[in-house]
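For reference, the structure discussed in these notes is given below.
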Protein chains: 2
Amino acid sequence: MPPAGPDRRPTLADVAARAGVSTALVSIVMRDVPGASVATRERVRRAADELGYRPDARARLLRSSRSRLLGVVFGVQHAFHGDLLAGLYDAAEQAGYELALSAVTPGRGEQRAVDSLLRDRCEALVLLGPSSPTAHLSGLATRLPVVVVARSVRSAAVDVVRTADDEGMHLALDHLVGLGHCDVVHVDGGRAPGAAERRRGYREAVRRHGLTPRVLPGGLTEDDGAAAARTLLAGPLPGAVTVFNDRCALGLLDVLRRAGRTVPGDVSVVGYDDSRIARLSSVDLTSVAQDVERLTALAVRRALDRLDGVPVEQRELVVPPRLVVRSTTAPPRWSGRSRGDGRAGR
Amino acid sequence: MPPAGPDRRPTLADVAARAGVSTALVSIVMRDVPGASVATRERVRRAADELGYRPDARARLLRSSRSRLLGVVFGVQHAFHGDLLAGLYDAAEQAGYELALSAVTPGRGEQRAVDSLLRDRCEALVLLGPSSPTAHLSGLATRLPVVVVARSVRSAAVDVVRTADDEGMHLALDHLVGLGHCDVVHVDGGRAPGAAERRRGYREAVRRHGLTPRVLPGGLTEDDGAAAARTLLAGPLPGAVTVFNDRCALGLLDVLRRAGRTVPGDVSVVGYDDSRIARLSSVDLTSVAQDVERLTALAVRRALDRLDGVPVEQRELVVPPRLVVRSTTAPPRWSGRSRGDGRAGR
DNA sequence: GAGGCGGTCTAGAACGTTCTAGGGCTGGGA
DNA sequence: TCCCAGCCCTAGAACGTTCTAGACCGCCTC
């Protein structure tokens with residue numbers, strides 16, 4: 001269907017020649033800005049269609065000082081980043097911006113991902129759970145607005161949009177304590193983004209309820225959870241466990257169940273992220289949900305505010321999480337409240 | 001550290017002025033091509049560093065006819081696409097190409113993902129498991145080389161790089177039959193890319209072994225697998241099950257085990273993709289592995305061959321899979337061969 | 001001493017857009 | 001009649017690179 005030569009892409013000039021007008025006018029028509037009569041618009045449009053003309057993003061951006069391009073660095077491994085990407089696309093589109101994606105892979109570090117976006121003349125950068133040192137991020141932020149999502153960064157130069165992870169742990173503990181639990185262990189995320197906040201939130205919440213905290217080393221994969229479960233099985237089982245994220249919780253669940261323990265019968269388990277896996281009917285994991293839509297909308301908004309020089313009041317935007325109660329939490333066996341359906345709050 | 005004004009990015013001209021040379025010479029130095037003395041190189045490099053100069057990819061690509069840019073469309077939902085991306089980055093880098101990423105999300109269809117890449121002046125397109133109709137892909141391929149990965153397309157215009165899915169199912173069945181199984185059910189992937197080939201491969205292999213095929217509707221998520229498991233539990237259990245992919249297998253495993261059936265004791269299960277989940281020690285799923293490195297290397301190679309006008313002999317490149325035997329497969333209980341360790345081949 | 005040659009370097013024209021100035025019209029008011 | 005405003009349209013200069021031609025210099029060769 002597309003016509004003729006695979007030799008050269010048609011340009012504005014080709015369309016102009018065919019329609020018998022100037023390139024400037026074609027540009028006007030293609031951008032849908034005022035300055036052309038209806039009749040000409042029609043004619044130009046037809047010529048463009050016949051030639052299969054597509055505007056050249058490079059040339060366009062080269063000319064106009066604003067690139068209306070938002071760079072996003074994401075990790076290819078993290079399912080959660082996929083969700084964030086979807087939200088970012090939506091938010092960027094509403095603001096009239098395009099996204100330029102750059103992935104971090106096992107063979108391609110954050111530095112390289114960022115470099116490629118800088119070459120692309122992005123106006124601002126959105127980094128999903130970056131692992132670069134703070135100093136490096138600060139340096140980057142002197143060049144262009146940098147918004148970090150899902151990790152907290154102690155630097156006055158970069159903006160942060162994140163979930164109130166401590167609050168999420170409070171929700172989890174309120175829920176568990178409300179069910180009657182009084183020994184809740186936390187399986188940690190180590191150095192992963194958000195892990196420190198969640199650990200801190202757990203400690204606070206446990207103390208607030210007058211209980212004693214116990215933190216077990218974990219990580220962000222199922223294997224880390226499985227290892228933690230084995231540690232747990234070595235001693236007397238706690239009544240409940242909060243886990244750094246859903247993946248880790250999954251590994252933990254699996255090992256516990258294979259060891260003959262029932263969930264939530266013997267142990268209650270709370271995950272984090274409310275990932276697709278958690279929502280599956282076969283898993284049905286109680287989990288702390290991050291508000292993806294809000295996180296992404298705020299991240300884009302903040303980047304644009306910085307670009308427009310809008311004064312911002314707080315560098316860090318914290319979005320409240322939400323507890324999604326499913327079937328891995330229930331009153332403890334010994335509590336005499338075992339008729340509870342596991343979905344009741346306090 | 002980066003100097004002075006956040007007002008304007010330094011350009012070639014700025015560096016040239018500071019180093020006291022022409023822009024052309026700076027260009028030569030930055031590109032590391034012959035045509036400048038060591039002394040000047042040194043001087044220009046220093047000037048560039050001092051200014052924090054970064055080349056502008058847009059302008060660069062605008063000028064040079066070849067963009068050395070490969071467009072990749074991927075689905076934000078699919079973990080497997082993440083693996084492929086990592087491989088594509090490696091392959092592209094070795095060939096001196098850059099990748100331009102465009103994601104398909106719930107709110108952003110394939111068409112839009114492709115359009116944005118076309119505007120970016122990519123030289124060729126790599127589509128990961130696209131769902132567009134064949135006719136549409138053919139149309140696209142008249143504009144620029146199109147390589148489809150992990151889906152087979154009946155169009156003379158587009159190249160395909162995929163795993164020999166039928167062969168994968170043969171491997172799975174040879175393994176199971178070798179263990180002594182004679183009733184193997186397949187849980188299907190429906191309309192998902194690759195599902196048809198795997199189903200066909202299953203049917204062929206079963207017939208070849210003189211057994212009778214039985215295909216159960218499934219899908220690509222854990223929930224689909226869970227549903228299939230419930231169907232299975234309604235009747236007499238087969239000795240073994242092959243499943244469309246690992247995620248689906250996971251859901252199936254979960255439901256079977258919760259119903260008190262043991263794997264591989266009561267049923268053997270084989271997944272597909274050898275995903276990270278399958279490899280986890282707690283899951284340890286026997287699975288058919290796709291050769292990601294080879295798939296991606298071939299995809300890039302093929303795209304470049306088309307660009308260079310190298311004549312290609314076969315439009316479809318089929319990569320053999322590999323069976324990774326883990327602990328979800330073992331001889332059937334009734335077979336009298338129960339002392340087999342489940343890892344033995346035929 | 002003329003000519004040629006390799007090594008450095010530069011001027012200026014691309015590349016495909018958008019933007020700034022302005023040039024013709026047409027029509028309406030003084 | 002003249003002027004001005006408004007519409008539609010165009011010429012030509014950007015944007016930041018790369019590429020093509022060629023200039024200049026010193027040295028070697030004949």
Side-chain angles (χ1 to χ4, degrees), chain A residues 7-45 47-48 51-69 96 98 116 118-123 143, chain B residues 5 7-45 47-48 51-69 96 98 116 118-123:
Chain A
D7 36 7
R8 201 175 56 85
R9 275 178 69 143
T11 74
L12 267 194
D14 298 325
V15 180
R18 174 174 264 253
V21 296
S22 71
T23 61
L25 190 54
V26 178
S27 170
I28 285 172
V29 173
M30 296 319 284
R31 276 177 298 146
D32 249 342
V33 294
S37 68
V38 241
T40 333
R41 268 181 212 282
E42 171 62 24
R43 197 149 42 93
V44 169
R45 282 253 165 63
L51 288 176
Y53 169 75
R54 307 263 177 160
D56 183 328
R58 315 259 147 194
R60 169 175 289 184
L61 296 184
L62 174 58
R63 169 59 218 192
S64 42
S65 46
R66 311 266 324 232
S67 71
R68 301 198 80 77
L69 209 55
E98 291 264 332
S116 114
L118 286 180
R119 277 193 300 271
D120 280 347
R121 281 275 190 274
C122 294
E123 294 184 17
R143 298 182 157 279
Chain B
D7 35 6
R8 203 175 54 86
R9 277 177 69 143
T11 73
L12 267 194
D14 298 325
V15 180
R18 173 173 265 254
V21 296
S22 71
T23 60
L25 192 53
V26 179
S27 170
I28 286 172
V29 173
M30 296 318 284
R31 277 176 298 147
D32 249 341
V33 294
S37 68
V38 238
T40 336
R41 268 181 213 282
E42 171 63 23
R43 197 149 41 92
V44 168
R45 281 253 165 63
L51 289 176
Y53 168 76
R54 308 263 177 158
D56 182 328
R58 315 260 147 191
R60 171 174 286 184
L61 296 184
L62 173 58
R63 170 59 220 195
S64 42
S65 46
R66 309 267 323 231
S67 71
R68 302 198 80 79
L69 208 54
E98 292 264 331
S116 113
L118 287 179
R119 278 194 299 272
D120 280 346
R121 282 276 188 275
C122 294
E123 294 184 18

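Below, read A as the first sequence line, B as the second, and so on, with proteins coming before strands; counting in each chain starts at 1. Just so we're clear, the structure is a prediction, and the values are computed from it rather than from any experiment. Heavy-atom basis, side chains included; hydrogens, waters and symmetry copies ignored.
Listed by chain and number, the residues in a side chain to side chain contact (heavy atoms under 4.5 Å, CB included) with A:Glu98 are A:Leu69, B:Ser116, B:Arg119 (sequence neighbours excluded). For A:Arg54, the side chain to side chain donor-acceptor pair (under 3.5 Å) criterion is met by B:Asp115, not counting sequence neighbours. For A:Ala17, the side chain to side chain contact (heavy atoms under 4.5 Å, CB included) test picks out no residue, with sequence neighbours left out. Scored by the side chain to side chain contact (heavy atoms under 4.5 Å, CB included) test, B:Ser37 finds B:Ala39, B:Thr40 as partners (sequence neighbours excluded). With sequence neighbours excluded, the residues satisfying salt bridge (charged side-chain N to carboxylate O under 4.0 Å, His left out) with A:Arg45 are A:Asp32. Not counting sequence neighbours, the partners of A:Val33 by the side chain to side chain contact (heavy atoms under 4.5 Å, CB included) test are A:Ile28, A:Arg31.
Between its two ends, the helix from C:dG1-D:dC30 to C:dA30-D:dT1 turns its axis by 70°, counting five pairs per end and rounding to 10 degrees.
For DNA chain D, the residues of residues 29-38 of chain B within the heavy-atom distance limit of 4.0 Å (strictly under) are B:Arg31, sorted by number. Of the residues in residues 15-28 of chain B, B:Val21, B:Ser22, B:Ala24, B:Leu25 come within less than 4.0 Å of DNA chain C through at least one heavy atom, sorted by number.
Counting only heavy atoms from C-beta outward, the side chains of B:Arg43 and B:Val21 approach each other to under 4.5 Å.
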Where do N or O atoms of nucleotides 23-26 of chain C meet protein N or O atoms at under 3.5 Å, pair by pair?
none

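Interface limits on DNA chain D: the 5'-most and 3'-most nucleotides within less than 4.0 Å of chain B heavy atoms are D:dG16 to D:dC19.
With values rounded to the nearest 0.5 angstrom, A:Asp120 atom CG is found 8.0 Å from B:Leu61 atom CG. Considering OG of B:Ser27 and CZ of B:Arg60, their distance stands at 7.5 Å, rounded to 0.5 Å.
Under the side-chain hydrogen bond (donor to acceptor under 3.5 Å, both in side chains) criterion, the residue pairs touching residues 13-22 of chain B are B:Arg8-B:Asp14, B:Arg18-B:Glu50, with sequence neighbours excluded.
When atom types are taken as modelled, the side chain of B:Asp56 and the backbone of B:Arg58 share a donor-acceptor pair closer than 3.5 angstrom.
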